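The next block holds one structure in the form of C-alpha cells; read it before the comments.
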Amino acid sequence: MSAAPATPPPASADATGPNLLLLPPRRRPWWRVVPARVAAMCVVELQKLRHDRTELYTRAIQPALWLLIFGETFTRINVIPTGGIPYRDYLAPGIIAQSTMFIAIFYGIHIIWERDSGVLTKLLVTPTPRAALVTGKAFAAGVKAVVQAVVVVVIAALLGVSMVWNPLRLAGVVAAVLLGSAFFACLSVTIAGIVRTRDRLMGIGQAITMPLFFASNALYPTTAMPAWLHAISSVNPLSYEVDALRGLLLGVPSHLPLDFAVLVVAAVLGITAASALLGRLAR
C-alpha cells in the first residue's frame, strides 16, 4: 500500500509575519475618508427619495404657488425694478434658493432622530472624523435640495420662464445649490447641537427661515432695500446663492466669483461649527 500523503506542517506565525487579525486597520487619509463618506451619505438620501417620492410632490406645491400667483401678479403690477426682465423670471432663482433652503434648514431633525435611535452614537465611535460625518450629511442634504431644484426649474420652464440651458451654467447651478444647502444643513445641525430637542429646533427653524428669505435678494433687488436691510442682506449667504443662480440661469450680470467664494467659506464655517457640536448632541 502506498503511504498516506504527509500533512504539511502548520506555518509559523513568525515565518509568515505578524498576525493581521491582531493589528488595527490602517487608518485612511482624510482625503479618501471624506469623499467616501460624502458619497455614502448621498447614496442613502437618493435611496430615501426612490422609496418615498411624496416629499418631492408636496414640496413642489409651494414653489409653484409662489411662481404662479406671486410672480404673475407682480409681473402685471410692474412695481419692482428687475432690470428689464419679467418679474416672474426674476423671481424664479429666488424661489429655487428658497425651496432648497427650506429642505436643508430642518436637516437637524434627522440628526436628532439618529441620536434617539442610536445611529449617531454608532457613527461617532467609528474612526471616521466628525468633520467627514458632518460633510457627508451636509452634502446629502444638498443632493435632496438639487432634486428639489430640478423640480422647481421644470415648473418654471412650464410657466414660461426664459432660462439659459448651457450645460456649464447648469453645472454651476448644481454647485451653488449644493454649497448653499450644505451651509443651511450645517446651521441646522449646529442649532440641534445647542437645543438638542426636535420641538426647539422646529421652533427656531420656523422662526429664522422667513427672515432669512425676506432679508435676501430673492424677491427684490438690494438697491430697493433700506440701509439696515441691505446690511443684513450683505451677510446673508442666501443672497449670494440667489445672485449666483440668477446669473447662471437668466444670464443677467452677477458676481459669480464673489458668490461662490462666500458660499464655500460659509459651508466650511458651517461644517466646522456643526462638527464641534456633534459630540454634545450625542450625549
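As the structure is a computational prediction, the values presented were derived from the model and not from experiment.
In this structure, Leu269 shares a hydrophobic cluster with Val265, the cluster being traced through Ile, Leu, Val, Met, Phe, Trp and Tyr side chains under 4.5 angstrom apart.
Residue Trp165 comes nearest to Leu170 through the heavy atom pair O-CD1, 4.0 Å, listed as atom of the first residue, atom of the second, then distance. The shortest non-hydrogen separation linking Ala140 to Tyr107 is CB-OH, 4.0 Å. Nearest heavy atoms, Val242 versus Ala97: CG2-CB, 3.6 Å. Taking each heavy atom of Thr222 and His230 in turn, the nearest pair found is O-CD2, 3.3 Å.
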May I have the step-by-step check of side chain to side chain contact (heavy atoms under 4.5 Å, CB included) for Leu277 and Val189, ending in yes or no?
CA-CA 8 Å; Leu277 292 170; Val189 174; over 6 Å; no
Salt bridge (Lys or Arg N to Asp or Glu O under 4.0 Å) for Lys137 and Glu114? Distances and angles first, verdict last.
CA-CA 12 Å; Lys137 291 185 175 296; Glu114 290 183 352; 2.8 Å; yes
Listing, residues 192-199 side-chain donor-acceptor contacts under 3.5 Å, not counting sequence neighbours, or none:
from, atom 1, to, atom 2, distance (Å)
Arg196, NH2, Arg283, O, 2.2
Thr197, OG1, Arg200, N, 3.4
Arg198, NH2, Asp116, OD2, 3.1

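Judged by distance alone, with hydrogens and angles left aside, the side-chain atoms of Arg115 form a donor-acceptor pair with the main-chain N or O of Leu281 at under 3.5 Å. A donor-acceptor pair under 3.5 Å is absent between the side-chain atoms of Asn217 and the main chain of Ser233, judged by distance alone.
The structure places CZ of Phe139 at 9.5 Å from OG of Ser181, a figure rounded to the nearest 0.5 Å.
Between Gln62 and Phe102, the closest side-chain pair of non-hydrogen atoms falls below 4.5 Å.
Under the 30°/60° scheme for interplanar angles, the aromatic rings of Phe70 and Tyr87 are found to be tilted.
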